[in-house]
Amino acid sequence: MKLAEGSRFQALDAMRGIAALAVVFFHLYINLWRELHWLPEPIRAMLNYGYLGVSTFFVLSGFVIAHTVRCEEADFRYMGKFALRRAIRLDPPYWASIAITIILALLVQRVFQVAQIYPTVENVIAHIFYLQYFLGYPPVISEVYWTLCIEVQLYLFLVLVYVLANKLKAWRNIDILRYSLLFMFAVGVISVLQTHKTLPGLLQGLFLPYWHYFFLGVSAYYALSGVAWMKYLFFAFVGVEVLLQSTASVNGYVVVGLASVALIYLFGLAGWLATGLTQWPLQYLGKISYSLYLIHSDIGWKAVSFGKRLLEDQTITPLLSMLLFLLGLIVSLVAAQCLYWMVERPSIQLAKKIKRLSSKNTSPRHKATGNVPEKGVH
């Protein structure tokens, strides 16, 4: 599996966009479920389960971060630089969406005299540092931010494992990647057991119950390198997932996570990661997916609620209900595009600049893992 320099995993971009759109559809449907009762049951079921797209995010993140992180170079300094680049990439759009949500609440209360629930100062500070899920604050600002708390932990845990493996190598000569992946595999098994309630959770807000989705992506990335033992590790972990799912009640997150990693792996085998799903609507959704995910649950929801308020004296027909749904979708897309232009894109460019500057002082990626793609995911 090779990727030309400067290209991207366009198929993964498209998958991320589709997953984000599924979550948008879910939240719009929740606001309109009574008005959309006329839709066929299969369509209503698809809309109602759109929230499962978050497990796709975790799987995709595992694949992309495995591609990005240089395990052979990982030390605490590298970890700090990685965290800085991730913060520059993710924090400004996130913080901007928090500010937009609070400002909108103020405007709604002032203009429409509709009471709003505001976060406390402590809640906002916890959000800024991705600690609200740990500290048990209610999702007053947004229903979707909890996944960011988990994502940040997943990134840092993977890099920390590589750092500790490098420290261990100083005492005894080990294969850093092999030991790291085997340890992650073991943590993944614990994670699956927690997901199926076989093991209790350790701490509220901890990443552990979601690690196995992330590791599905990580192991798929290395399985596509062409090294035999990495393939065996990937299929063994998928086997653990399938086995435990088959002995428990159906978990939609797990099913979608397995479907996502299967699609990624098949695209990788076919050589389509860089060339698949390149249609412009899918690529556009992938480009704005982060901004769309951040902002839709508030601004799209409020747009639908505003439309319903205007029509409160009328019977909402099927046509009107679809127009309300489209209103929420269009407002969400436009707001996401604005957030992308004004905040996210400059953040991406700055993160890339910092990465280029730091790479001048580091050695090229160690290529001991086989024919793994080198460039293209940012």
Side-chain angles (χ1 to χ4, degrees), residues 1-5 7-9 11-12 15 55-56 58-74 154-155 157-169 171-193 211-246 254 257-276 363-377:
M1 177 184 66
K2 281 192 175 182
L3 189 65
E5 184 160 342
S7 62
R8 292 182 59 87
F9 290 136
L12 304 192
M15 288 179 64
S55 58
T56 300
F58 293 144
V59 173
L60 290 171
S61 293
F63 192 96
V64 171
I65 297 300
H67 172 79
T68 304
V69 174
R70 298 167 177 169
C71 71
E72 304 290 342
E73 299 175 11
L154 294 172
Y155 301 157
F157 180 73
L158 180 136
V159 181
L160 179 62
V161 170
Y162 288 154
V163 170
L164 296 178
N166 275 285
K167 295 294 183 183
L168 182 60
K169 188 177 182 180
W171 296 335
R172 55 180 300 182
N173 191 27
I174 64 169
D175 183 331
I176 295 172
L177 187 58
R178 186 187 296 266
Y179 272 67
S180 297
L181 290 179
L182 288 174
F183 177 74
M184 293 179 200
F185 183 101
V187 175
V189 173
I190 295 172
S191 175
V192 179
L193 291 172
W211 170 256
H212 64 108
Y213 303 112
F214 191 81
F215 186 66
L216 280 172
V218 172
S219 58
Y221 173 80
Y222 286 110
L224 290 167
S225 69
V227 179
W229 73 265
M230 293 182 180
K231 291 183 181 178
Y232 300 148
L233 189 77
F234 169 65
F235 284 113
F237 193 70
V238 170
V240 170
E241 290 270 18
V242 173
L243 177 63
L244 290 175
Q245 175 61 89
S246 67
V254 174
L258 286 170
S260 300
V261 80
L263 188 60
I264 292 170
Y265 188 73
L266 292 174
F267 269 63
L269 290 179
W272 294 343
L273 287 175
T275 59
S363 59
R365 175 183 282 220
H366 183 66
K367 298 183 180 180
T369 60
N371 193 18
V372 179
E374 295 288 332
K375 301 286 183 182
V377 175

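What you are looking at is a predicted structure, and each value in this text was computed from that prediction instead of being measured. Computed over heavy atoms, backbone and side chain alike; hydrogens, waters and symmetry mates excluded.
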Out of curiosity, [X] [atom1] to [Y] [atom2], how far, rounded to the nearest 0.5 Å?
X	Y	atom1	atom2	value
M184	L158	CE	CG	4.0 Å
I65	Y221	CD1	OH	11.5 Å
F185	I190	CZ	CD1	11.5 Å
L216	F63	CG	CZ	12.5 Å

Would you tabulate the side-chain donor-acceptor contacts of residues 237-245 under 3.5 Å, counting partners in other chains and residues two or more places apart, or write 'none'?
residue : atom : partner : partner atom : Å
E241    : OE1  : H212    : ND1          : 3.3
E241    : OE2  : H212    : ND1          : 2.7
Q245    : OE1  : N251    : N            : 3.1
Q245    : NE2  : S249    : O            : 3.0

- Message: Less than 6.0 angstrom separating the ring centers of F58 and F214, yes or no?
- Response: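 Not under 6.0 Å, so no.
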
Can you name the closest pair of heavy atoms from [X] and [Y] and give their distance?
X	Y	value
C71	L177	SG-CD1, 4.0 Å
G257	V59	O-CG2, 3.8 Å
V69	Y162	CG1-CD1, 3.5 Å
V261	A220	CG2-CB, 3.7 Å
M230	S225	SD-OG, 3.4 Å

- Message: With side chain to side chain contact (heavy atoms under 4.5 Å, CB included) as the criterion, how do I264 and L60 come out once you've worked through the C-alpha distance, each side chain's angles and the decisive distance to 0.1 Å?
- Response: CA-CA 8 Å; I264 292 170; L60 290 171; 3.7 Å; yes

With sequence neighbours excluded, residues passing side chain to side chain contact (heavy atoms under 4.5 Å, CB included) with [X]:
X	result
L263	M15, F267
L182	R178, L233
F157	V161, F183, V187, F207, W211

- Task: Tell me, please, which residues at least two apart from Y265 pass ring pair (Phe, Tyr, Trp, His ring centres under 6.0 Å).
- Result: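 So Y265 forms a ring pair (Phe, Tyr, Trp, His ring centres under 6.0 Å) with F234, F235.
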
- Summary of side-chain hydrogen bond (donor to acceptor under 3.5 Å, both in side chains) pairs that have at least one residue in residues 179-192, sequence neighbours excluded: none

- Criterion side chain to side chain contact (heavy atoms under 4.5 Å, CB included) on T56 and Y213, from CA distance to verdict: CA-CA 8 Å; T56 300; Y213 303 112; over 6 Å; no

- Query: Mind checking whether L224 and L273 have side chains closer than 4.5 Å, heavy atoms only?
  - Reply: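 The answer is yes, as the side chains (C-beta and beyond) meet within the 4.5 Å cut-off.
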
- Task: Answer whether the closest heavy-atom distance between the side chains of V218 and L181 falls below 4.5 Å.
- Result: yes

